[in-house]
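Okay, structure first, notes after.
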Amino acid sequence: AITKNNSMYDLFILFLSNFFLVLHDIDLTHADIKPENVLLDADGSLTIHLVDFGLAVFSDDYHTPIVGTRQYSAPEIVLESGWSFPLDIW
């Protein structure tokens, strides 16, 4: 629950976790989560935007073996062992 004692960090993690829950509820993997794709409003409010869905894929669609940004690649991408929802959490 959000309280006035939550730090900005706590709220950021809470909101980002909620993004993952919504995406995964509709069987969508973003596949390119990185700092550059998580935007904050410039006015100082804690409004978060998840952007760049160009690599997003539904679970029943074709998955290329390599996806995302190399510097942020999860182990399953490097090993080309297949991937799914946990990729977004890495």
Side-chain angles (χ1 to χ4, degrees):
I2 298 175
T3 68
K4 61 182 178 180
N5 294 328
N6 290 109
S7 70
M8 291 276 289
Y9 174 79
D10 294 335
L11 294 174
F12 181 82
I13 295 301
L14 177 67
F15 290 144
L16 197 56
S17 298
N18 284 333
F19 280 129
F20 294 137
L21 289 174
V22 170
L23 292 178
H24 295 175
D25 278 349
I26 62 170
D27 291 329
L28 184 68
T29 301
H30 185 281
D32 198 21
I33 300 290
K34 59 185 176 182
E36 296 89 345
N37 290 340
V38 179
L39 305 179
L40 302 174
D41 274 353
D43 63 5
S45 68
L46 192 63
T47 303
I48 300 171
H49 304 275
L50 186 60
V51 299
D52 191 2
F53 283 79
L55 297 175
V57 64
F58 287 99
S59 62
D60 57 351
D61 288 344
Y62 171 74
H63 291 54
T64 59
I66 298 177
V67 69
T69 303
R70 180 179 207 89
Q71 295 88 334
Y72 302 104
S73 292
E76 57 266 34
I77 298 300
V78 174
L79 298 173
E80 295 184 32
S81 62
W83 54 270
S84 64
F85 297 136
L87 176 70
D88 281 345
I89 306 301
W90 172 258

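Just so it is clear, the model here is predicted, and its values are computed rather than measured.
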Among residues at least two apart in sequence or on other chains, which ones pass side-chain contact (heavy atoms from CB on, under 4.5 Å) with Asp41?
Asp43, Ser45, Thr47, His49
Looking at every non-hydrogen atom in both residues, tell me the closest pair between [X] and [Y] and how far apart they are.
X	Y	answer
Ala56	Leu28	CB-CD1, 3.9 Å
Gly68	Leu55	N-CD1, 3.5 Å
Phe20	Ile89	CD1-CD1, 3.5 Å

Can you tell me how far [atom2] of [Y] sits from [atom1] of [X], rounded to the nearest 0.5 angstrom?
X	Y	atom1	atom2	answer
Asp32	Tyr72	CG	OH	9.5 Å
Thr29	Phe53	OG1	CZ	11.0 Å
Glu36	Asp52	CD	CG	10.0 Å
Asn18	Leu23	CG	CG	11.0 Å

Less than 4.5 Å apart, side chain to side chain, heavy atoms only: is that true for Val38 and Phe15?
no
Are [Y] and [X] connected in a single hydrophobic cluster, I mean Ile/Leu/Val/Met/Phe/Trp/Tyr linked by side-chain heavy atoms less than 4.5 Å apart?
X	Y	value
Tyr9	Leu50	yes
Phe19	Phe58	yes
Leu11	Ile48	yes

Taking atom types as modelled, is there a side-chain donor on His30 or Asn37 under 3.5 Å from an acceptor on the other?
no
Without swapping roles, check the side chain of Asp88 against the backbone of Ile33 for a donor-acceptor pair under 3.5 Å.
no
